[in-house]
Amino acid sequence: MSSLVSWKGHRCYVHVYYDSLKAEMENRKFDRLLYACRQELSSGELRDGHKAHCEKFFTVKETPKRGQKVEYRQEAIGKHRESTSR
């Protein structure tokens, strides 16, 4: 996609390219992060670098009978995927 814009009083053409390979690699990287976070939450050995992601994309519930239950926050994951696919 190309567009003519004005920048600091000059005419400039902006060319935007979509790289489907890079998008797929980013999706796979995010999937690996989600998998690692789920494994860490299930084992109870949370890495500092993943703590923010775990809090954002997962809900952990503790019950006396069933123990710990790790659930995905589908809405947050969907919003992240949508924001990175643009």
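Just so you know, residue 1 is the first one in the sequence shown, and it goes up from there.
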- Query: For the residue pair Phe58 and Cys37, what are the closest heavy atoms and their distance?
  - Reply: CE1-CB, 3.5 Å

- State plainly whether one hydrophobic cluster holds both Phe57 and Val60, where clusters connect Ile, Leu, Val, Met, Phe, Trp and Tyr through side-chain heavy atoms under 4.5 angstrom apart. yes

- Query: Thr84 and Glu26: side chain to side chain contact (heavy atoms under 4.5 Å, CB included), yes or no, with the steps?
  - Reply: CA-CA 9 Å; Thr84 57; Glu26 289 296 322; over 6 Å; no

- Message: Rounded to the nearest 0.5 Å, what separates atom CZ in Arg47 from atom CD in Gln39?
- Response: 13.0 Å

- Note on the structure: Correct closest heavy-atom pair for Val70 and Ser42 would be CG2-OG, 3.9 Å

- Atom NE2 in His53, atom CD in Glu40: separation rounded to 0.5 Å? 10.5 Å

- Message: Closer than 4.0 angstrom, basic N to acidic O: yes or no for Glu24 and Arg28?
- Response: yes

- Item | Donor-acceptor under 3.5 Å (Glu71 side chain, Lys61 main chain) | no

- Evaluate the criterion salt bridge (Lys or Arg N to Asp or Glu O under 4.0 Å) for residue pair Glu75 and Lys79; output intermediate values, then yes/no. CA-CA 6 Å; Glu75 188 175 321; Lys79 283 182 182 178; 3.4 Å; yes

- Given the rule that I, L, V, M, F, W and Y join up when any side-chain heavy atoms are under 4.5 Å apart, are Leu46 and Leu34 in one cluster? yes

- Message: Show the nearest heavy-atom pair for residues Arg73 and Lys56, with the distance to one decimal.
- Response: CD-O, 3.4 Å

- Should we say atom CD of Gln74 is surrounded by more than 12 heavy atoms from elsewhere, each under 6.0 Å from it? yes

- Message: Do Val5 and Val16 land in one hydrophobic cluster if side-chain heavy atoms of ILVMFWY residues count as linked below 4.5 Å?
- Response: yes

- If every non-hydrogen atom of Leu41 is compared with every non-hydrogen atom of Gln68, which pair is closest and at what distance? O-NE2, 3.2 Å

